[in-house]
Amino acid sequence: MSDQENGLQEDPQWLELKLPRLLYTDTVQGLHATIQSEWDSLRRSACQTAAGRALWKHVIHDPFADLLAGETYLKSFHEKIKNDRLKNARETSGVILAVRTLWFDSKIEAALSSFNGEGQVVLLGAGMDARAYRLSCLKESDVFEVDFPEVLEVKTTLLKAATETIDEHLHPRITAKSLNRVAADIRNNDWLEKLQISGFVPEKNTVWVLEGILYYLSHSHATQVLSIIADKCALARTVLLADFMNKPSTTLSNSIFHFYSDWPDHLLPSLGFSHVKLSQLGDPDAHFGLMNDPLNLFNKLRSLPRSVQTHPDDGTPCCRLYLVEASGLPSQSNQ
């Protein structure tokens, strides 16, 4: 199988992992040691995501991903990619994350373009996301990152460490109009109030980004968060971008994943969204040239009806990740 078919570079750089010197400073090493010893799996997943973005840098431009991921997650993720490559696997570790990142990037840009002016972008469960530093389409938008206070504190300190390095290209520069960090747990009832205290305006057009977060929530918490966002359709143009696992996907780790939806394109209209578009990995808008092998897992799943939960060929669960864009307008929600 060619490198183009599984999304990797032709250059065999994947064999050797080169880490930036900044990762070995006392400050950065100390922060990542705290993450390893004190954070739970939900919080640590932020570093895992950053590691994937760092190691797929040939398609994702995220200059701070290495710093935010840390040495442990970079080495672990790199080992998985190397093993997949040596086994000539049809699906390479991180390809889902790469496609998901590119899908969200493209949809954020398209949504803001459709606003024809200022907008707001709210990242719920922002983790180690660095879009406010890397997406030029945010230049007229106020960005709000919502996450646990300790996650935002460590992230802020890590980025501050980058400003103190002699490598000027690593100095963080915000590309968004403004960046506001909101310390809140979206499982609690006060996160929207905290968001508004931080400057969020409910009457402004808003893109809500829920990337890699919903399935960590309980069904009641996830539904509550989605309902709160749907309610905003009555006030301003509202775009929701989110990824959903189907039920078989949550069985990959019952202790971590809880919420699922086999039919998010039915769920979201019932909550108040007027337009919903669902994509699966490998679809024309969720491909990005990284899934060219017709026999890879994702293309095989796309050929099966979504109601099928067990693969007829080998009896394995049909684990699907849905990438969903939903929207609503005040006039439509008031009809």
* Structure fact -> Taken in chain and number order and not counting sequence neighbours, the residues that satisfy salt bridge (Lys or Arg N to Asp or Glu O under 4.0 Å) with D26 are none

* **Partners meeting salt bridge (Lys or Arg N to Asp or Glu O under 4.0 Å) with D62 (sequence neighbours left out)** => R134

* Asked: So, for L23 and G70, which heavy atoms are closest and what is the spacing to 0.1 Å?
  -> CD2-CA, 4.1 Å

* **Summary of ring pair (Phe, Tyr, Trp, His ring centres under 6.0 Å) pairs that have at least one residue in residues 85-127, sequence neighbours excluded** => none

* Asked: Any ring pair (Phe, Tyr, Trp, His ring centres under 6.0 Å) pairs touching residues 116-142, not counting sequence neighbours?
  -> F64-Y133

Determine, for [X] against [Y], whether the closest basic-nitrogen to carboxylate-oxygen distance falls under 4.0 angstrom.
X	Y	result
E325	K277	no
E118	K177	yes
E38	R43	no
E79	K75	no
E211	R131	yes

How many angstroms lie between [atom1] in [X] and [atom2] in [Y], if you round to the nearest 0.5 Å?
X	Y	atom1	atom2	result
L74	E71	CG	CD	8.5 Å
Q120	L138	CD	CG	12.5 Å
L281	C319	CG	SG	12.0 Å
N299	Q280	CG	CD	10.5 Å

Are [X] and [Y] grouped together when hydrophobic residues (ILVMFWY) are joined by side-chain heavy atoms under 4.5 angstrom apart?
X	Y	value
L135	L97	no
Y73	L31	no
I174	V146	yes
L152	L124	no
L268	Y260	no

Residue pair [X] / [Y], side-chain donor-acceptor N/O under 3.5 Å:
X	Y	result
N180	S198	no
S220	S218	yes
D84	S93	yes

* Show your working on side-chain hydrogen bond (donor to acceptor under 3.5 Å, both in side chains) between R237 and S327 and close with a plain yes or no. => CA-CA 7 Å; R237 180 160 187 183; S327 60; 5.7 Å; no

Could you list the donor-acceptor pairs under 3.5 angstrom formed between side-chain atoms of residues 239-248 and any protein atom two or more places apart in sequence or on another chain?
| from | atom 1 | to | atom 2 | distance (Å) |
| --- | --- | --- | --- | --- |
| D243 | OD1 | G212 | N | 2.8 |
| D243 | OD2 | R100 | NH1 | 3.4 |
| D243 | OD2 | G212 | N | 3.4 |
| D243 | OD2 | Y215 | OH | 2.5 |
| N246 | OD1 | S249 | N | 3.3 |
| N246 | OD1 | S249 | OG | 2.8 |
| N246 | OD1 | R320 | N | 3.0 |
| N246 | ND2 | C318 | O | 2.7 |

With heavy-atom distances below 4.5 Å as the criterion, would you say the side chains of [X] and [Y] are in contact?
X	Y	result
N83	K80	no
I256	Y216	yes
V122	V209	no

* **Audit row: W263, R306, side chain to side chain contact (heavy atoms under 4.5 Å, CB included) steps and yes/no** => CA-CA 9 Å; W263 303 96; R306 283 166 54 197; 3.1 Å; yes

* To do: Kindly determine whether F200 and W208 satisfy ring pair (Phe, Tyr, Trp, His ring centres under 6.0 Å), including the steps that lead there.
  => CA-CA 12 Å; F200 172 78; W208 297 82; 5.3 Å; yes

* To do: Apply the test side chain to side chain contact (heavy atoms under 4.5 Å, CB included) to residues L158 and V28: give CA-CA distance (whole Å), side-chain angles for both, the deciding distance (0.1 Å), then the verdict.
  => CA-CA 6 Å; L158 282 168; V28 173; 4.0 Å; yes

Can you list, pair by pair, the side-chain donor-acceptor contacts under 3.5 Å of residues 222-232, counting residues two or more places apart and other chains?
| from | atom 1 | to | atom 2 | distance (Å) |
| --- | --- | --- | --- | --- |
| T223 | OG1 | H219 | O | 2.8 |
| Q224 | NE2 | N189 | OD1 | 3.2 |
| S227 | OG | T223 | O | 2.8 |

